[in-house]
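One structure below.
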Amino acid sequence: MKPSPQTNLIHGDYTPPAGFAAFPVPIHHASTVLFESVAAMRSGDWKDKSGYTYGLHGTPTTFTLEAKLAALEDGRFCLLAPSGLAAIAMVNFAFLKSGDDVLLPENVYAPNRELGRWLSSDFGISARYYDPMIGAGIGALIQPNTRLIWTEAPGSVSMEVPDLPAICQAAREQGVLVALDNTWSAGLALRGFAHGVDIIMQALTKYQSGGSDVLMGAVITREQSLNERLAMAHMRLGMGVGADDAYLVLRGLSSMKLRFAAHDAAARRIALWLKARPEVARVLHPALPDCPGHETWKRDFHGAGGLFSVIFDARYSEQQTDAFVDSLALFGIGYSWGGAHSLAMPYRIGTMRRGWEGAGTLVRFNIGLEEPDDLIADIEQALAVLAP
Ligand SMILES: *Cc1c(COP(=O)(O)O)cnc(C)c1O
């Protein structure tokens, strides 16, 4: 039977020649994944990454990205999520159940704090918050029902650098898992597993993509039993990522190390310049001594990202520091970071954290890839609005 031309548009009979070779990872778009036979379908296991079962469970494109990210962190397993926050949620749902307790740093990424509130109010899980500088003292906070400790190195607004090895040691002694949000370091500047963490989460939205155009997250582990729990949560929650987005992240990864080094060098230069300014009370950059945990950063990190904060002298009102941010020409006002464009964002740090009540306004800078001299000139002209 000869199919009609319309059927041929769907089924076709053309097979391209074999032997095509090029550098980019092919973009495989698929919801349905085809099996060779019913027997092959029946013997397929969605968890087995040596084969394919359904678009949500992976394609050659997403498996390749997962393998690269696992290798970058010196891990063995990786699962992709549609955003960094979705990756955080996957960790919480994989390892917490009703009756359990989770510890989060007080400076935790705000939506993770909000998720903790939701787990407490609606899911019977207690979420408690600890001083990020607690170090080994975390041991005293661990309860028999504590299952998971989140860490963030450094916190992405107030920038304290936690003592990860001390926290991990205390957690291990009591059999509690430690998850690290390693977004600031992009998996380049901090070796999470070497310091003892069990689970590494990254927002690929930041440096990995590098283009301010993709939302994606990843969870990386070394132990099979942990990956299995995560894979069940990943499947049950339906965490898929788009093939084009996975491609954009793969494309960004090749240049990430160079971009990260450029963000780092420019951010340190600008942070030092700001430190010398009379309008600025403190520069919270882990590579500068003003930053809580600076010594820990020196001991544990191999570099710094482009993200840091400054606290303006308390004599300036919020209205004045807002006017400073509005006066910047090269810095966009917006969330996220890790892209080529510089950003500035004011935070009411005094209302966010215990003990920071009297602090002046905090402005967080994401230093992009523009010429640092131009960025300094822009900040200098904007600081003029603070003049009496
Ligand atoms: C951006 C970010 C996230 C969340 O990533 P999204 O992809 O925006 O959901 C999580 N943690 C940190 C530290 C981040 O900066």
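Both ligands and their constituent atoms are indexed starting at 1 by order of listing.
- Ring centroid separation for the pair F312 and F324 comes in under the 6.0 Å cut-off.
- Taking distance alone, with nitrogen or oxygen atoms compared against 3.5 Å, M201 stays at or beyond that limit from ligand 1.
- Here the heavy atom of the protein found nearest to atom 12 (C) of ligand 1 is D181 OD2, 3.3 Å.
- Checking only distances, I88 never comes within under 3.5 Å of ligand 1, N or O to N or O.
- Proximity annotation for atom 14 (C) of ligand 1: of K206, M216, Q202, K206 comes nearest, heavy atoms only.
- Ligand 1 has no N or O atom lying under 3.5 Å from any N or O atom of E152, backbone or side chain.
- For atom 7 (O) of ligand 1, the nearest protein heavy atom (residue, atom name, distance) is T205 OG1, 2.6 Å.
- Tested against N182, the residues Q202, E73, R191 include a single side-chain hydrogen bond (donor to acceptor under 3.5 Å, both in side chains) partner, E73.
- Side-chain rings of F365 and W337 stay apart, their centers remaining 6.0 Å or farther from each other.
- For W184, the heavy-atom gap to ligand 1 stays at 4.0 angstrom or more.
- Residue A203 holds the heavy atom nearest to atom 5 (O) of ligand 1 of all those in A203, S336, G217.
- Side chains of S158 and E160: a donor on one and an acceptor on the other come within 3.5 Å.
- Close approach to W337 involves these atoms of ligand 1, each under 4.0 Å from a residue heavy atom: 15 (O).
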